[in-house]
**Q** 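I am attaching a structure below and will ask some questions about it afterwards.
We count residues from 1, following the sequence as given. Bear in mind that the values here come from a model prediction, so they are computed numbers and not experimental data.
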Amino acid sequence: MKLNYKKTLFVGFAFFLICAFWQAYDSIVPMMLVNKFGLSQTLSGVVMSLDNVIALFMLPLFGSLSDKTKSKFGRRTPYIVLGTVVAVIAFFGLTFADNAQLAKIEGVKDGGYQTLFEQNYEITNSEYDPIVGKEEPKKYTIKDYSAKITANKLYKDLSEEEQAKAKQWFSDINAEYNNDHSKPETAYAYDRATKTYKVLTAETENGKTVYKDAEGNKVETVTNAYKNLVTPSISAYAHEKTTENPVTLILFALLLLLTLFAMATFRSPAVALMPDVTEKPLRSQANAIINLMGTAGGMLVLVLGIVFKTGKTFNQLMSYTPFIGAVCLVMVFGLLMFIWKVREPKWVEEMEQNSVADGLETEEEAETDISSHKKLTKSEFTSLILILCSVALWYIGYNAVTSKYSLYAMNVLHKDYNTTLLIAQAAAIISYIPVGMLARKIGRKKSILIGVALLTAAFFGATFMNESSSGILLNVLFALAGIGWATINVNSFPMVVELAKGGDVGKYTGYYYTASMAAQIVTPILSGAIMELAGSMRPLFYYAAIAVALAFITMIFVKHGDSKPVESKKIIEHLDVGD
């Protein structure tokens with residue numbers, strides 16, 4: 001018994017294009033909502049959960065519909081083709097709403113932020129009260145607020161000459177940065193002992209930017225004035241423009257809904273195709289290939305993000321038309337490869353014949369399995385619920401990070417989110433096949449528990465990271481998270497469909513995604529609300545680590561859905577590629 005890697009790889013092109021879309025969606029849409037439309041973290045979280053609300057109902061529905069579908073192209077293929085076509089058209093249409101909103105805030109986009117410098121916006125800063133005084137109003141122009149920081153005392157105590165000099169510090173340095181993005185942005189440090197600020201000078205040492213105070217001392221904990229003052233004010237300005245005329249936001253929401261509806265029509269059929277054409281003992285290995293293809297799609301989009309510089313602070317008001325257009329081409333490529341190579345009805349028949357030849361089913365069972373159903377025992381039903389609870393919990397933690405990390409990286413770590421996520425994806429893609437092999441040796445449940453432990457450790461370690469932390473350590477933590485997530489993903493879905501008969505695979509696939517999507521409805525809103533309540537994005541990784549750790553507990557009590565460890569006569573057989 002051996003897995004046909006070629007066939008599984010081509011089936012995986014459906015998941016390739018799905019993951020390419022979701023990587024772009026999770027990275028770009030939050031920045032559109034916050035930076036261009038001025039939505040709060042909580043409201044942007046509500047919008048980001050819409051896809052999961054839609055999926056909660058549509059994934060089980062279209063999973064069951066595909067179970068009952070009969071066509072010359074098979075049960076799953078028609079949904080994959082039609083859904084992708086509509087999704088690509090609608091997703092590219094989203095760029096028209098994006099560009100329309102940019103036109104409304106054109107002065108901010110092109111003019112060095114003069115409008116923002118001269119208008120009053122509420123400035124949020126962790127050391128707000130000590131520097132400006134509690135008795136003063138909380139709205140300032142950016143120039144005035146940065147002048148207070150520069151002067152280390154209340155603005156009202158400065159002479160006119162001092163005020164002008166203080167304002168000039170911020171506007172000159174940032175204007176220079178706007179013209180040449182290779183230059184460092186304005187930075188300052190807060191001394192908690194003396195409750196004063198000091199302006200920092202950027203220098204290059206060994207190819208790395210370091211910050212020093214007036215005495216030449218190196219400062220590790222640096223506050224970026226641009227990100228802490230300009231970025232929130234851009235969002236406030238965008239919010240005002242959106243409130244004045246919400247038509248663009250409505251258009252954006254309608255196109256987004258159409259895109260999400262289209263994506264929801266074929267996700268369950270696309271994923272259910274793998275168990276349709278794969279023998280049961282080989283499904284963890286096959287799922288490793290499917291996830292490898294999905295990760296490849298996500299990685300390709302992250303590379304495009306680096307090429308188009310979507311993670312750069314100075315591009316927070318860029319037009320996303322070229323980037324989204326490139327993502328749509330990636331999706332079309334995945335669909336064309338799927339149509340060209342996948343022969344669903346033929347491959348399903350071959351799977352049934354192989355199951356009989358390998359003694360997994362009798363000929364009569366194989367003939368009826370494709371349309372048969374199974375009622376679970378009480379113990380099996382309990383295991384199904386526990387697996388689904390585990391799925392929900394680790395998605396609560398993982399999706400909180402993926403849906404907020406692009407903003408977290410910019411505002412807390414001051415790093416390009418594309419690079420970090422690319423490392424996590426690379427670690428996952430390297431580990432998928434070994435993890436599938438591991439499951440054949442020790443079983444799916446033990447493999448999942450190892451993955452949950454790794455993911456919890458990675459998220460907990462990330463709670464200690466800040467902008468001055470080692471970039472290498474951050475990359476190691478995200479690589480660990482990628483390996484942990486790969487280990488979980490490879491084995492969790494096969495555990496669910498292991499409990500199903502052939503006629504219920506689409507329905508059980510829907511159950512799996514119902515659990516994951518229900519979690520992803522709650523977590524963007526809840527994590528956003530917690531961050532707003534804390535006045536910082538810092539709680540993000542604490543929240544994620546706790547949720548994933550709880551999944552370890554529920555998974556311990558699962559008794560069904562595991563695979564029996566398989567001992568191969570030859571190790572090389574694991575790497576065999578069938579014709």
**Q** What pair of heavy atoms forms the shortest contact from Met351 to Val277, and how long is it?
**A** CG-C, 3.4 Å
**Q** Do you know which two heavy atoms are closest between Thr487 and Asn491, and how far apart they sit?
**A** O-ND2, 2.9 Å
**Q** Could you go through Arg267 and Tyr513, starting from their C-alpha distance and side-chain angles, then the distance that decides it, and tell me whether this counts as side-chain contact (heavy atoms from CB on, under 4.5 Å)?
**A** CA-CA 9 Å; Arg267 182 159 186 163; Tyr513 281 110; 3.2 Å; yes
**Q** According to the interplanar angle, ranging from 0 to 90°, do the rings of Phe323 and Tyr320 count as parallel (below 30°), tilted (30 to 60°) or perpendicular (above 60°)?
**A** perpendicular
**Q** Using side-chain heavy atoms (C-beta onward) and a distance below 4.5 Å, is Phe13 in contact with Trp340?
**A** no
**Q** Sub-3.5 Å donor-acceptor pair from the side chain of Glu344 to the main-chain atoms of Thr77, do we have one?
**A** yes
**Q** Quick one, Phe21 with Thr259, criterion side-chain contact (heavy atoms from CB on, under 4.5 Å). Give me CA distance, side-chain angles, the key distance, then yes/no.
**A** CA-CA 10 Å; Phe21 168 82; Thr259 306; 3.5 Å; yes
**Q** With rounding to the nearest 0.5 Å, note down the distance linking CG in Leu540 to OH in Tyr543.
**A** 9.0 Å
**Q** Let me confirm one number: the OH-CE distance from Tyr432 to Met293, rounded to the nearest 0.5 Å.
**A** 12.0 Å
**Q** Where the side chain of Ser431 meets the backbone of Ala428, is there a donor-acceptor pair that is under 3.5 Å apart?
**A** yes
**Q** Could you check whether any side-chain heavy atom of Val522 comes within less than 4.5 Å of a side-chain heavy atom of Ile396, counting everything from C-beta outward?
**A** no
**Q** So do the side chains of Ile80 and Phe338 get within less than 4.5 Å of each other, counting heavy atoms only?
**A** yes
**Q** What is the minimum heavy-atom distance between Gly397 and Ala547, and which atoms define it?
**A** N-CB, 3.7 Å
**Q** Hey, mind stepping through Val452 and Met555 against side-chain contact (heavy atoms from CB on, under 4.5 Å) and telling me if it holds?
**A** CA-CA 9 Å; Val452 171; Met555 198 67 208; 5.8 Å; no
**Q** Of the non-hydrogen atoms in Ser492 and Tyr512, which two are nearest, and what is the gap between them?
**A** OG-OH, 3.2 Å
**Q** Identify the heavy atoms of Met274 and Ile290 that sit nearest to each other, and give their distance.
**A** CG-CG1, 3.7 Å
**Q** Could you tell me how the ring of Trp22 sits relative to the ring of Tyr25: parallel (under 30°), tilted (30 to 60°) or perpendicular (over 60°)?
**A** perpendicular
**Q** At what distance, to the nearest 0.5 angstrom, does CG of Leu335 lie from CG of Leu82?
**A** 9.5 Å
**Q** Do the non-hydrogen side-chain atoms of Arg76 and Asp67 ever get within less than 4.5 Å of each other?
**A** yes
**Q** Just how far is it from atom OH of Tyr508 to atom OG of Ser268, taken to the nearest 0.5 Å?
**A** 14.5 Å
**Q** Specify whether Phe62 and Tyr79 have parallel, tilted or perpendicular ring planes, treating 30° as the upper limit for parallel and 60° as the lower limit for perpendicular.
**A** perpendicular
**Q** Please examine the side chains of Phe459 and Tyr398, heavy atoms only from C-beta on, and report whether any two atoms are closer than 4.5 Å.
**A** yes
**Q** Using every non-hydrogen atom in the two residues, find where Gly294 and Cys19 come nearest and quote the distance to one decimal.
**A** O-CB, 3.0 Å
**Q** Among Val47, Leu256, Leu43, which one satisfies side-chain contact (heavy atoms from CB on, under 4.5 Å) with Leu33?
**A** Val47
**Q** Quick test of your reading of the model: are Glu244 and Lys104 salt-bridged, counting only N-O distances below 4.0 Å?
**A** no
**Q** Does any non-hydrogen side-chain atom of Ile54 lie less than 4.5 Å from one of Leu257?
**A** yes
**Q** Within a strict 4.5 Å, meaning less than it, do heavy atoms of the Thr321 and Phe96 side chains meet?
**A** no
**Q** Heavy-atom distance under 4.5 Å between the side chains of Ile448 and Trp394, does that happen here?
**A** yes
**Q** Mind checking whether Trp485 and Tyr395 have parallel, tilted or perpendicular rings, split at 30° and 60°?
**A** perpendicular
**Q** Return the CG to NZ distance between Leu102 and Lys36, rounded to the nearest 0.5 Å.
**A** 4.0 Å
**Q** What's the separation between atom CG in Asn35 and atom CD in Gln101, rounded to the nearest 0.5 Å?
**A** 11.0 Å
**Q** Could you tell me whether a side-chain N or O of Thr248 sits under 3.5 Å from a main-chain N or O of Ala100, the two making a donor and an acceptor?
**A** no
**Q** Using a 3.5 Å distance criterion without hydrogens, assess whether the side chain of Ser66 forms a donor-acceptor pair with backbone atoms of Gly63.
**A** yes
**Q** Give the C-alpha distance, both sets of side-chain angles, the deciding distance and a yes or no for side-chain contact (heavy atoms from CB on, under 4.5 Å) between Phe333 and Phe16.
**A** CA-CA 10 Å; Phe333 167 76; Phe16 169 90; 4.1 Å; yes
